[in-house]
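Here the structure comes first, spelled out in structure tokens, and everything after it is commentary.
Ligands are counted one by one from 1 in listed order, and the atoms in each one are counted from 1 as well. Since we're looking at a predicted model, the values are computed, not measured.
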Amino acid sequence: MPRIAYVNGRYVNHSDAAVHIEDRGYQFADGVYEVCEVRHGVIVDLTRHLDRLNRSLSELRIAWPMTRSALILVIRETLRRNHVRNGLFYLQVTRGVARRDHVFPPAGTPSSIVVTAKSTDQSVIAKKNASGIKAITVRDNRWDRVDIKSVGLLPNAMARQQAKEAGAQEAIYIDHHGMVKEGAATNVWIVDHDGNLVTRPAEHGILRGITRTTLMDVAAKLGVTIVERFFSVEEMMEAREVFITAATSICFPVVSIDGETIANGHPGSMSQKIREAFFDVAEKTAI
Ligand code: PDD
């Protein structure tokens with residue numbers, strides 16, 4: 001089946017899709033993105049993802065490429081053209097095309113927009129949920145505006161590669177005080193010895209994940225207490241459970257970190273309970 005991408009006003013074959021060589025996303029990583037899950041034929045948490053897109057754009061003073069309602073039409077059309085029922089869409093907005101110069105291009109330069117969509121293999125996700133994943137810890141070497149979902153992901157890509165070479169699937173960033181931050185593309189959670197769900201406050205050098213926010217609604221429904229506080233690597237290693245969240249994976253149990261087994265080495269019950277309740281609680285938008 002041909003894949004279709006939306007690029008600056010046109011639906012094109014994925015293999016022919018291209019942006020200009022002087023797009024500022026290409027030259028300066030001057031852009032932002034969103035990744036949003038599609039499950040059972042509906043878009044999950046679209047409003048929150050577009051609200052965060054709006055925040056990322058305004059923090060960087062990049063103009064919306066079109067109205068919000070027009071963008072929703074484009075997203076739905078891209079999903080339809082790619083026949084996605086279980087998968088994701090990716091959208092990227094950059095400051096547009098201009099002669100290379102660090103300062104912003106002249107006012108009125110249109111932003112660039114790309115939307116792609118793909119189906120994901122549900123059996124791969126199910127396998128990771130059943131067996132859990134491995135992680136490594138790495139020192140955070142990113143800029144201090146990681147609250148913006150910027151396309152400048154080189155440190156994240158380096159960290160994920162390091163994880164892969166260590167036989168793991170995620171790298172968990174640690175701050176200068178030995179406290180856990182987040183994964184290279186996920187938020188990190190533990191279940192502490194009181195049975196509370198613990199995650200780092202989003203105001204302190206992490207991305208405010210949409211899955212993280214919706215998970216808080218899920219926990220409230222399940223009667224689970226969430227505590228937003230700092231926690232150390234040592235506490236994580238001794239936690240009852242560790243798991244990671246992102247729109248691409250909802251929540252994957254972590255059963256080994258830096259080669260050490262977490263709890264009994266099997267996925268815990270909390271992440272499973274949350275995963276099962278998540279879709280009911282999340283916002284669902286028809287394609
Ligand atoms: N990553 N932290 C980082 C650094 C991330 O890149 C992501 C998402 C998250 C989780 O956010 P959300 O729940 O909104 O997906 C946390 C996306 C999926 C990616 O880069 O592919």
Ligand 1: protein N/O within less than 3.5 Å of ligand N/O:
| from | atom 1 | to | atom 2 | distance (Å) |
| --- | --- | --- | --- | --- |
| ligand 1 | 1 (N) | Lys149 | NZ | 3.2 |
| ligand 1 | 1 (N) | Ala185 | O | 3.3 |
| ligand 1 | 2 (N) | Glu182 | OE1 | 2.7 |
| ligand 1 | 13 (O) | Ile210 | N | 3.3 |
| ligand 1 | 13 (O) | Thr211 | N | 2.9 |
| ligand 1 | 13 (O) | Thr211 | OG1 | 2.6 |
| ligand 1 | 14 (O) | Arg52 | NH1 | 2.9 |
| ligand 1 | 14 (O) | Arg52 | NH2 | 2.9 |
| ligand 1 | 14 (O) | Ile210 | N | 2.8 |
| ligand 1 | 15 (O) | Ala247 | N | 2.8 |
| ligand 1 | 20 (O) | Tyr33 | OH | 2.6 |

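Minimum interatomic distance between Thr211 and Ala246 (heavy atoms only, all atoms of both residues): OG1-C, 3.1 Å.
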CA sep, side-chain torsions, deciding dist, call: Thr94, Asp30, side chain to side chain donor-acceptor pair (under 3.5 Å)
CA-CA 6 Å; Thr94 76; Asp30 189 357; over 6 Å; no
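For the pair Val97 and Arg24, the minimum side-chain heavy-atom distance is 4.5 Å or more.
Asn13 and Arg3 share no side-chain donor-acceptor pair at under 3.5 Å.
With ring centers used as reference points, Tyr26 lies 6.0 Å or more from His20. The aromatic ring centroids of Phe252 and Phe243 lie 6.0 Å or more from each other.
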